[in-house]
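See structure below.
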Protein chains: 2
Amino acid sequence: MLSKKTKYGIKALTYLARQEQNVPVSIATISEMENISLKFLESILLTLRKSGLLGSKKGKGGGYYLLKNPKDIKMTTVMRVLEGPIAMIPCVSLNYYEKCDDCPTETECAVHLLMIRVRDSNLKIYGETSLADLINY
Amino acid sequence: MLSKKTKYGIKALTYLARQEQNVPVSIATISEMENISLKFLESILLTLRKSGLLGSKKGKGGGYYLLKNPKDIKMTTVMRVLEGPIAMIPCVSLNYYEKCDDCPTETECAVHLLMIRVRDSNLKIYGETSLADLINY
DNA sequence: TTTTAACCCTATAGATTTAGTAGGGTATCG
DNA sequence: CGATACCCTACTAAATCTATAGGGTTAAAA
């Protein structure tokens, strides 16, 4: 299951991507427009800023804004920042690999084999989808 | 992330699928061979039996066995039984659909759009992979 | 018929993760 | 200076996961 954190994070990013000019938008505005709890959203946007996807401006007229063009923000990055590894199991993760305790040889593991297929297919989708692709409805 | 329950369940199913004859195999045997906690495995096999994938035989010489040919057991079924919905979010689930609280119109939701793509691609993989496909390593 | 192997089933508990909430601190603009 | 808005840490309630406990039932073999 996708966490609310990821869901809200993507909604916030697309809200910012839809702005005509790239001026700062306050947490409060995004919170209202997208129906997201203000304090929860605050912590999500903080994560996105620390990851390098968003910039922020403090004080009156401040808020968050995208640091890159929406078409240059791949969902692979967004998902890794918000949801964590794209692989469904550590033994097939490219960035967070970890051996299974219970498998003597992972090439013989059915789960391993299946999850490699799932990982590759999901990586393909996230890799060829950008923020810009998600706002053209 | 894939739960241990699903992981162990798939490993148990493939263990049964690898048997030459379809004779009952005890929980204890599978537990030892696949390094899975006996009691945890017991509850997983119970789930698989109740879902109609496995049959069981009580008493001495008893155990669990597949009710169908491995090539006729699609991973779509296995995943739904063990892990639950294949969709990553209820608003794109075919079998467990639920509307999001925060979305006025879901056709305009970026998350919805993205997760439909992910769901379809995963459904395709699970649909064209059978238990038999996973034991040919 | 008694013993033993093996599944049946419910309840519970500890650990972890999720989804927030609280509350004060800091920077900026007018 | 004071209002606005982000910064950051800590905490908590609820849910989920990963088992474990323990007794009950069935069936085959001695």
Side-chain angles (χ1 to χ4, degrees), chain A residues 1-12 16 23-67 82-85 88-90 96 98 100-102, chain B residues 1-12 16 23-32 34-67 82-85 88-90 96 98 100-102 111:
Chain A
M1 278 290 157
L2 199 73
S3 66
K4 300 264 185 191
K5 180 183 171 190
T6 302
K7 184 190 185 192
Y8 294 159
I10 294 175
K11 290 184 84 170
L16 293 174
V23 292
V25 180
S26 75
I27 303 176
T29 302
I30 304 176
S31 160
E32 274 173 48
M33 300 302 290
E34 300 289 347
N35 302 304
I36 304 167
S37 144
L38 190 126
K39 290 299 269 178
F40 192 22
L41 180 60
E42 186 179 355
S43 71
I44 296 168
L45 294 180
L46 202 59
T47 305
L48 289 169
R49 196 214 48 169
K50 287 184 177 170
S51 79
L53 286 171
L54 295 182
S56 66
K57 188 159 176 283
K58 286 185 187 174
K60 210 169 207 172
Y64 285 97
Y65 52 91
L66 292 178
L67 285 177
L82 292 168
E83 190 76 4
M88 289 186 76
I89 193 166
Y96 303 85
E98 225 173 290
C100 297
D101 292 334
D102 52 315
Chain B
M1 278 291 156
L2 199 76
S3 66
K4 300 264 186 190
K5 180 183 171 189
T6 302
K7 184 190 184 191
Y8 294 159
I10 294 175
K11 290 183 83 171
L16 292 174
V23 292
V25 180
S26 74
I27 303 174
T29 302
I30 303 176
S31 160
E32 275 174 48
E34 300 290 345
N35 302 305
I36 304 167
S37 140
L38 190 127
K39 290 299 268 180
F40 192 22
L41 180 60
E42 185 179 354
S43 73
I44 296 168
L45 294 178
L46 202 61
T47 305
L48 289 169
R49 195 213 48 167
K50 285 184 176 167
S51 79
L53 285 171
L54 295 182
S56 65
K57 187 157 176 284
K58 286 185 189 173
K60 212 168 210 171
Y64 285 96
Y65 52 90
L66 293 177
L67 284 176
L82 292 169
E83 190 76 4
M88 287 187 76
I89 194 166
Y96 303 87
E98 225 173 290
C100 297
D101 292 332
D102 52 315
V111 180

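Protein chains get the first letters and strands the later ones, always in sequence-line order, with residue 1 at the start of each.
One atom, CG of B:N35, and another, P of D:dA19, lie 12 Å apart when rounded to the nearest Å. One can place CD1 of A:I36 at 16 Å from C1' of C:dT21, the figure rounded to the nearest angstrom. One interatomic measurement links the two molecules: CG of B:L38 to P of D:dA21, which rounds to 12 Å at whole-angstrom precision. Whole-Å rounding puts the A:K4 NZ to C:dA19 C1' distance at 9 Å. Counting to the nearest Å, the P atom of D:dC17 and the NZ atom of B:K7 are 16 Å from each other. Nucleotide C:dC9 holds its P atom 14 Å from the CG atom of B:L48, rounded to whole Å. We find that CE of B:M1 is positioned 14 Å from P of D:dC17, with the value rounded to whole Å. One atom, CG of A:L2, and another, C1' of C:dT17, lie 15 Å apart when rounded to the nearest Å.
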Could you pull out all donor-acceptor pairs under 3.5 Å where a side-chain atom in residues 36-44 of chain B meets a protein atom, sequence neighbours excluded?
from  : atom 1 : to    : atom 2 : distance (Å)
B:S37 : OG     : B:F40 : N      : 3.4
B:K39 : NZ     : B:E42 : OE1    : 3.2
B:S43 : OG     : B:F40 : O      : 2.8

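With a 6.0 Å radius and a threshold of 12 heavy atoms from other residues, nucleotides or ligands, A:M1 has its CE atom above the threshold.
The shortest distance between the side-chain N/O atoms of A:S37 and the OP1/OP2 oxygens of C:dT21 is below 4.0 Å. Between B:Y8 and D:dA19 there is a side-chain polar atom (N or O) within less than 4.0 angstrom of OP1 or OP2.
The shortest side-chain heavy-atom distance between A:I10 and A:L82 falls under the 4.5 Å cut-off.
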Footprint string (nucleotides 4-15 of chain D, 5' to 3'): B base within contact, S backbone only, - free, heavy atoms under 4.0 Å: BSSBB-------

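Between A:K7 atom NZ and A:E34 atom CD the span is 10.0 Å, to the nearest 0.5 Å. Atom-to-atom distance recorded for B:R49:CZ and B:Y64:OH is 6.0 Å, nearest 0.5 angstrom.
Across every non-hydrogen atom of A:P24 and A:G62, the tightest pair is CB-C, 3.7 Å.
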